[in-house]
Protein chains: 2
Amino acid sequence: MSWQAVGIFDSGVGGLTVLRELSRVIPQEDTIYFGDTARVPYGTKSPETVTRYAHEITSFLIRRDIKLLVVACNTASAVALPSLKRHFPIPVVGVIEPGARRAVEVSRSGRIGVIGTAGTIRSSAYTRAIKRLNPQAEVLTRACPLFVPLAEEGWVDNQVARLTAQTYLQELKEAGIDTLVLGCTHYPLLKPVIAEVMGAGVTLVDSAAETALTVAGILRQKKMLRPASEKGNHHYYVSDIPAGFIRVGNRFLGGRLGDVYQVNLDEDGEEG
Amino acid sequence: MSWQAVGIFDSGVGGLTVLRELSRVIPQEDTIYFGDTARVPYGTKSPETVTRYAHEITSFLIRRDIKLLVVACNTASAVALPSLKRHFPIPVVGVIEPGARRAVEVSRSGRIGVIGTAGTIRSSAYTRAIKRLNPQAEVLTRACPLFVPLAEEGWVDNQVARLTAQTYLQELKEAGIDTLVLGCTHYPLLKPVIAEVMGAGVTLVDSAAETALTVAGILRQKKMLRPASEKGNHHYYVSDIPAGFIRVGNRFLGGRLGDVYQVNLDEDGEEG
């Protein structure tokens, strides 16, 4: 019986949607979240740089004794997952594979839409993951750069959000997709307005929720789940001043964000 | 007679609006632009960190033989200007003072609005600069976090931009300001829609344009201006992969961005 925590990291605050889903699905688990707010965004950085950051953060979390790592960041999931799995002796779960798998399961027509940041869409990571599971699938993608700042501003159900969603999603809607993957950890906050724009005929796949289900499945299978009677604790670390993370993070978690600690990964590495 | 260039730096692409104004006001001058795209944004980082970055970049530009430095970044202008002026033997111009000065000059009522990023507004840098020039001035501020991604997306005159501007600016409009400072280098791209929302009774002060006029004035006064018959060349450096900078930068400069070179400041420092 293990009492270790689940580690989660993201370049910033977005991965908190994965944490939120995790604490719904397996509320008994402790979590340790790391937001690399000093070096956000990852999407514009080279794969080598992002992989190096991912290794530093994973080392930090493993020193805090995690039993499983969630890479709750699309960019890091796309470039660093194989390397993390090779180097660290714990299960590593990304956010791309679970969403891709679910999309292939639920799509009847095989016409699947994917939305994400410019970096995620440019990387084609979801398209490749979907095509690996169903080579016949037709994947249509659209970058929606304004969705992240809208979510962080808390403008998730006003007219600006609605109009932005209409502008970004019009083409995907006209193309007749039957499934849309929310390929960015910020997007679950905009799910109601995206659902409204896409209409009832399109199934939304929430990568954050699917990732949480995958994590629960692995822990169950490996008999690493804590007893359901327990109540998990949640710890938060960031790499820069926590003020912005706290403000936006509380928006993501409905005000239930706990204490947030700032750490310097270089210094921590020397201690560890 | 000096043939050196004017150096300009920003955390990213925003400072290009200052470059655009400079090349209108003094088209004979060469410029060297540095966008710190590997470490953008500065607004969430500590003053010590931002000051260190500003020193690194200024050293880089001085090795390329600049005669004047424009800190075309509000965060760095707010925290690093005195230190840069002490350490480097060339004139250093920030973006806050020129905009504040112009606002105090044009406002009749003394009720001045300032809009900027969350970091700039939180720093109160414009409020302090304006109050230094006119202690009786009443300064009303509003952070407009969505304006930067709107400008970068090129959504500067559509319905989303209009509705966003209305939402952000409503209170300032109702408060009866007669002058509004665009306290972020991205905002000049949204000037038409901001002007439309604020109405004819409110004078917009464009920090980028005022900064360019200040630079021209200093060069003229110091007899460092190149002959007006010359045509300046413009060089661009960034600290991360240039693709995003080029795409958005061309939007800022109307397609006239030249070659962009990626440099590693650490390595460059060893050479220098």
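Each chain gets a letter, A, B and so on, in the order the sequences are listed, and its residues count up from 1.
In this structure, the portion of Ser46(A) lying under 4.5 Å from any heavy atom of chain B is its backbone and not its side chain. Contact annotation for Glu153(B): only side-chain heavy atoms (C-beta onward) come within less than 4.5 Å of a heavy atom of chain A. Neither the backbone nor the side chain of Arg162(A) comes within contact range of chain B, judged by heavy atoms closer than 4.5 Å.
More than 12 heavy atoms of other shown residues, nucleotides or ligands fall within 6.0 angstrom of atom NE2 in His55(A). A 6.0 Å sphere centred on CD of Glu196(B) holds more than 12 heavy atoms belonging to other residues, nucleotides or ligands.
Residues Pro149(A) and Pro145(B) fail the side-chain proximity criterion, which asks for heavy atoms closer than 4.5 Å.
Taking 4.5 Å as the heavy-atom cut-off, none of the residues of residues 253-262 of chain B approach chain A.
Contact count versus chain B (heavy atoms, under 4.5 Å) is highest, among Val160(A), Asn158(A), Ile241(A), Leu150(A), for Val160(A).
Remark: Trp155(A) CH2 to Thr164(B) OG1 distance equals 5.0 Å, nearest 0.5 Å.
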